[in-house]
> 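Would you mind keeping the following structure in view while I ask a few things?
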Amino acid sequence: MKPTYTVTAVRNRDELEHILALQQKNLKQALSADEMRSQGFVTVQHDLPALEQMHAMAPSIVARHDGVLVAYALTMPREARALAPVLEPMFALLDSIEFRSKSLRDSRFYVMGQICIDKAHRGQGLFDRLYHQHRDHFRDQFDLIVTEISVRNLRSLRAHERVGFETIHTYRDATDEWAVVAWDWAQPRPPDVTPEGNTR
């Protein structure tokens, strides 16, 4: 029987702590090269105070199975940029990018801070469900989500393209080469499919 999942906004501090535990298991420094290539990885490490402040601005979206948190997609409004100093160059770059002949700076967007699914629950459609729940939850406040993905993280790039993201810029920094991708909620929704990938 196919597992049953509940996908909603974060409800409490305990769930934020479970996000951090899942993040630790999927940081690139915790994975082998083969695992990173085949399963994807996350790059940025958060702490509980930062997640609590992000949650107060806009809740993240999580998936649960039998009451246990098994996936998350972090909501990072632009006002949260100071909470992750390592991402400041990305936010500065976003201020300079145009999308559909309009500066992102003048658009209603937020950043997908990170998306991650527990290895045992991949292939169940959770990646798509997390993003669709983001759109359902935030589309009255925002017009698009923007994020950046390591170009080496092919699993994540493919998964984002499937949901509806398109690459709008690429660049290299001291750590990696990145693709900046955006999902415009005004565009038609592609059909639902299942493989997943982690990002940031």
> Can you check side chain to side chain contact (heavy atoms under 4.5 Å, CB included) on His169 and Trp178, steps first, answer last?
CA-CA 8 Å; His169 186 77; Trp178 302 95; over 6 Å; no
> Does His55 have any ring-ring contact (aromatic ring centres under 6.0 Å, His included) partners at least two apart in sequence or in another chain, and if so, which?
none
> Can Met76 and Met54 be said to form a side chain to side chain contact (heavy atoms under 4.5 Å, CB included), step by step?
CA-CA 6 Å; Met76 181 168 271; Met54 285 165 55; 3.6 Å; yes
> What residue among His137, Gln133, Arg64 forms side chain to side chain donor-acceptor pair (under 3.5 Å) with Thr8?
Arg64
> So His132 and Arg135, side chain to side chain contact (heavy atoms under 4.5 Å, CB included) or not? Walk me through it.
CA-CA 5 Å; His132 294 155; Arg135 184 177 60 178; 4.3 Å; yes
> How long is the gap from CZ on Arg78 to CZ on Phe91, to the nearest 0.5 Å?
9.0 Å
> For residues Ile168 and Leu104, determine if any side-chain heavy atom of one lies less than 4.5 Å from a side-chain heavy atom of the other.
yes
> Hey, any chance Phe99 and Leu93 share a hydrophobic cluster, counting ILVMFWY side chains that come within less than 4.5 Å of each other, even indirectly?
yes
> What distance separates Leu94 CG from Leu87 CG, expressed to the nearest 0.5 Å?
9.5 Å
> Compare every heavy atom of Thr170 with every heavy atom of Thr167, then report the nearest pair and how far apart it is.
CG2-CG2, 3.9 Å
> Verify, without hydrogens or angle tests, whether Ser103 (side chain) and Arg105 (backbone) share a donor-acceptor contact under 3.5 angstrom.
yes
> Can Ile115 be reached from Trp185 by stepping across I, L, V, M, F, W or Y side chains whose heavy atoms are under 4.5 Å apart?
yes
> Is the shortest heavy-atom distance from the side chain of Asp47 to the side chain of Leu20 under 4.5 Å?
no
> Under 30°, 30 to 60°, or over 60°: which ring-plane class applies to Phe165 and His160, parallel, tilted or perpendicular?
perpendicular
> Salt bridge check, Lys102 against Glu98: does any charged N sit closer than 4.0 Å to a carboxylate O?
no
> Just by distance, do the side chain of Thr75 and the backbone of Pro59 share a donor-acceptor pair under 3.5 Å?
yes
> Please report the closest heavy-atom contact between Val62 and Leu130, naming both atoms and the distance.
C-CD2, 3.9 Å
> Please walk me through it: do Cys116 and Tyr72 pass side chain to side chain contact (heavy atoms under 4.5 Å, CB included)?
CA-CA 6 Å; Cys116 184; Tyr72 65 82; 3.4 Å; yes
> On a heavy-atom basis, which atom in Asp184 and which in Leu144 lie closest, and how many Å separate them?
CA-CB, 4.0 Å
> Measuring from Leu74:CG to Met112:CE, what's the distance to the nearest 0.5 Å?
7.5 Å
> Would you give the length of the straight line joining atom CG of Asp176 to atom CD1 of Ile149, rounded to the nearest 0.5 angstrom?
11.5 Å
> I need the minimum non-hydrogen distance between Phe109 and Val146, along with the two atoms involved.
CD1-CG2, 3.7 Å
> Determine yes or no for a side-chain-to-main-chain donor-acceptor pair under 3.5 angstrom, with Arg122 supplying the side chain and Ile117 the backbone.
yes
> Report the relative orientation of the aromatic rings in His134 and Phe138; use parallel for angles under 30°, tilted for 30 to 60°, perpendicular for over 60°.
tilted
> Kindly compute the distance separating CD (Glu17) from CG (Asn12), expressed to the nearest 0.5 Å.
9.0 Å
> I'd like to check Arg13 versus Leu51 (side-chain heavy atoms, cut-off strictly below 4.5 Å). Are they in contact?
no
> Passes salt bridge (Lys or Arg N to Asp or Glu O under 4.0 Å), Glu177 versus Arg152? Steps please.
CA-CA 8 Å; Glu177 185 175 359; Arg152 296 182 295 121; over 6 Å; no
> Go through the structure and list residues passing ring-ring contact (aromatic ring centres under 6.0 Å, His included) with Tyr5, not counting sequence neighbours.
His65, His121
> Would you compute the distance between atom CZ of Phe127 and atom CZ of Arg155 and round it to the nearest 0.5 angstrom?
10.0 Å
> Can you give me the closest heavy-atom contact between Asp95 and Arg81, atom names plus distance?
OD2-NH1, 3.5 Å
> When you group the ILVMFWY residues by side-chain heavy-atom contacts below 4.5 Å and let the links chain together, are Ile97 and Tyr171 in the same group?
yes
> Please check: side-chain N/O of Asp118 versus main-chain N/O of Ala120, any donor-acceptor pairing under 3.5 Å?
yes
> Under 4.0 Å between a side-chain nitrogen and a carboxylate oxygen: does that hold for Arg108 and Asp140?
no
> Could you check whether any side-chain heavy atom of Leu22 comes within less than 4.5 Å of a side-chain heavy atom of His18, counting everything from C-beta outward?
no
> Testing the basics here: between Ala63 and Leu126, what is the closest heavy-atom pair and its distance to 0.1 Å?
CB-CD2, 3.9 Å
> Is it true that Leu154 and Val151 fall in one hydrophobic cluster, defined by side-chain heavy atoms closer than 4.5 Å?
no
